[in-house]
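All ligand and atom numbering here is 1-based and tracks the order in the structure.
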Amino acid sequence: MAIEWKLVSDKEVKVTDKYYDEALKIQVKNMLLLDADRLLAGFRETAGYIAGMNEEERTAFMKGKARYGGAWEDGMIGGHTLGHYITALAQAVANPGLSEDERGKVKERLDYMIDALKECQDKTAGTRFEGYIFGAILPTKEFQDNPAQQFDNVEKGLSNLFTEAWVPWYTMHKIVTGLNAAFALAGNDKALEVDNSLAEWIAKRSESWSEETHKTVLSIEYGGMNDCLYELYNINCYLKEQGNKRAYADPEIIKAAAHRFDEVALFEKVLAGAPNIMNNTHANTTIPKFIGALARYEVDRSETKYLEYAESFWDLVVNKHTYVTGGNSENEHFGEDNVLDAERTHVNNETCNTHNMLKFSRRLFAVTGNKKYLDYSENTLINAIMASQNHDTGFTTYFQPMATGYQKVFNTLDGNFWCCTGTGYENFTKLQRGIYYKADGRILVSMYLASKYENEEYRLTQECDLTVSDTVKITVSAKSESGFKDSLLLRVPTWVKSKMVVTVGGKRYEAVSCDEYIEIPAAILADAAKEAGKAELEIKLPMGITCHNLPDGHNTYAFCYGPYVLSARLGSKKIKETTHGVRVSVAAEKAVDSDELTITDEKSVESFIENIDKYLVKREDSCEFDLGGVSKPLVFTTHFNQYTESYGIYWKFVI
Ligand SMILES: [Zn+2]
């Protein structure tokens, strides 16, 4: 049986890496600049209609504020941002990377939002909408008389997103997840009350579905409704076990509602593994469904089939649909298996997808102990998530083009409340998650990132910056009298160019195995800590260039240096934006006519790639690389912090 790991608590880890720290701070600053009353306007309007308020009363209840614009918050998907926002605020409350003062401000904002939602929910008491809160626009009298009209429409299969329904269950998933986080991470009790009453509304509604209605509902994007309900079920079970009166009377009702969002027919199809089953499937509709399958296994370990569903979907996405950055999709959709080079455009790699795949991978690692999930997580956090932020403004991307020559395009403070804007808030307030895991008798360092991890037993400090040096220093001390009881596992990254070298207390440590992890037993740590009270470790991670082509682009290559995807700097002269889909800003112009590079100094592409160290050379004093031996020399740099220029990750090499 594989070891079961636990993600360590967000509260125990502080990222000290300067770049990550700045990324968190600027994100929180932006979040606090938003007007809470505008994010709440739709929820208050909905409650006002349900309570039968007249226009004047409603306007007063809404504090005279209107929803934000941009076609999303003032559209039928309105209110989804609030869900992300409260998740992100709850994470920020739990984040030791913020000062007490900053955390205080964030908590005040979160409490304000939850108080307001409770006030909205209280207005529904005794009505046929009891427990219901929602924030989308109510464009006609029909919607005003029935503020749950979107849900009725979905049950009839009506899904025109401007007039009938724009994925209301997707929005509901964001709201429930936010309430879960507000309780679980920020300890807001009122959030749980709102959450449980809302879940009761969801349970009642879904209970009445006929088989046909059920099918129709599941055919329209519903986010990870199963995931958030299993999570809420788990919270309630835990409270009930503790004899806590805040627990929902019968958590099984919530679990039964979660089951209704398990799309077993789809799960079976993926498990059966026919070719091209994901072709033309909306990626971010599908990924959360499988996170929900995993959640079912997480709450009930006898449901092993659901783990198989989750694992087979992850394999399919990562092995057949994923670019070097960890991202997937073209224009929000999966294509045919292994067709990636042909689908490199200006609209690849929706940020929600990498956000969800990262969440999925960490949880899959926890229950399986399979290292491949950690390798994917590290790569995706650095090269897709960190790469999604404009580090000057804190704004984030929707798409990240894989076609060569485009630039990243970011949201604005209050103009674009896209799905990815919301996941962006969430991404940057939990950057400490996934660096460390814990199991019985073991602590795992999963990522090499400057940080501090402190729990009741240990204090661990990690100092490094892999863009500057390949050496990591770890200091660990035991806090309790009983000393070191756990061994320390160091993940061996897939990208190391030669053997990882570890010294403990200045002495070279010869590991029994260094295939996946290097394990340092508690006794060795204790011995090293005998004199100074702390064990000092030095880890050398030999870094170098690795080359990555595409299954349908044998000669189309991307390059990495250690964990960093590199992209060529293509200047800022061709930066132009246009809109795509529902008012999504995207790149409009390429900075290069072609992504072909003719090799001048070798006789074949294979020999050029084999000798890449000769042609892609790191500058001594920076993380910049000069590519030579080709018709057009280029300068590459780490992709994650390329946000002012057009870029090129993939290049087609020809002779
Ligand atoms: Zn998105």
Side-chain angles (χ1 to χ4, degrees), residues 27 30-31 68 70-73 75-88 136 161 166-175 177-178 220-225 227-228 278 281-292 317 321-323 325-334 343 345-360 380-381 383-390 394-402 406 408-412 414-430 577 579-587:
Q27 181 67 72
N30 283 340
M31 281 167 48
Y68 276 113
W72 289 60
E73 273 307 296
M76 301 270 249
I77 200 168
H80 77 110
T81 303
L82 177 139
H84 290 293
Y85 190 66
I86 55 181
T87 299
L161 54 90
W166 188 354
V167 295
W169 284 113
Y170 167 92
T171 302
M172 189 58 88
H173 164 222
K174 304 303 168 203
I175 298 168
T177 301
I220 296 167
E221 185 173 6
Y222 57 86
M225 274 307 299
D227 184 32
C228 65
M278 281 296 120
T281 306
H282 189 259
N284 200 43
T285 297
T286 315
I287 300 165
K289 296 178 181 182
F290 285 86
I291 302 179
V317 173
H321 297 274
T322 296
Y323 290 99
T325 57
N328 61 58
S329 75
E330 197 279 327
N331 195 17
E332 304 190 359
H333 289 71
F334 290 121
E343 299 213 334
T345 67
H346 65 312
V347 287
N348 297 112
N349 297 11
E350 182 182 351
T351 308
C352 290
N353 301 0
T354 43
H355 163 94
N356 279 321
M357 286 301 292
L358 184 57
K359 181 196 283 184
F360 193 29
T380 303
L381 177 70
N383 300 304
I385 301 298
M386 291 312 291
S388 72
Q389 191 192 49
N390 178 324
F395 303 140
T396 52
T397 55
Y398 194 111
F399 297 113
Q400 290 188 40
M402 288 294 110
Y406 291 110
K408 297 171 192 168
V409 176
F410 306 93
N411 71 305
T412 56
D414 55 9
N416 326 97
F417 291 96
W418 309 315
C419 46
C420 297
T421 305
T423 46
Y425 300 150
E426 292 188 32
N427 286 335
F428 290 93
T429 50
K430 59 169 178 188
E577 287 181 22
T579 53
H580 179 87
V582 186
R583 303 255 295 266
V584 177
S585 311
V586 296

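Distances from the Zn ion (ligand 1) show that H355 has no N/O/S atom below 2.8 Å.
Summary: OE2 is the N/O/S atom of E350 found nearest to the Zn ion (ligand 1).
By the 4.5 Å heavy-atom criterion applied to side chains, T322 and V317 are counted as neighbours.
Side-chain atoms of N349 never come within 3.5 Å of backbone atoms of F399 as a donor-acceptor pair (strictly under, hydrogens ignored).
Judged purely by distance below 3.5 Å, without hydrogens or angles, the side chains of N427 and H355 pair a donor atom with an acceptor atom.
Take the Zn ion (ligand 1) as the corner point: the lines to SG of C419 and to SG of C352 open at 110°, to the nearest 10 degrees.
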Ignoring hydrogens and angles, write down the donor-acceptor pairs under 3.5 Å from the side chains of residues 77-88, residues two or more places apart or on other chains.
residue, atom, partner, partner atom, Å
H80, NE2, F417, O, 2.8
T81, OG1, E73, OE2, 2.8
H84, ND1, E426, OE2, 2.7
Y85, OH, M31, O, 2.6
Y85, OH, R109, NH1, 2.7
T87, OG1, G83, O, 3.2
T87, OG1, G178, N, 3.4

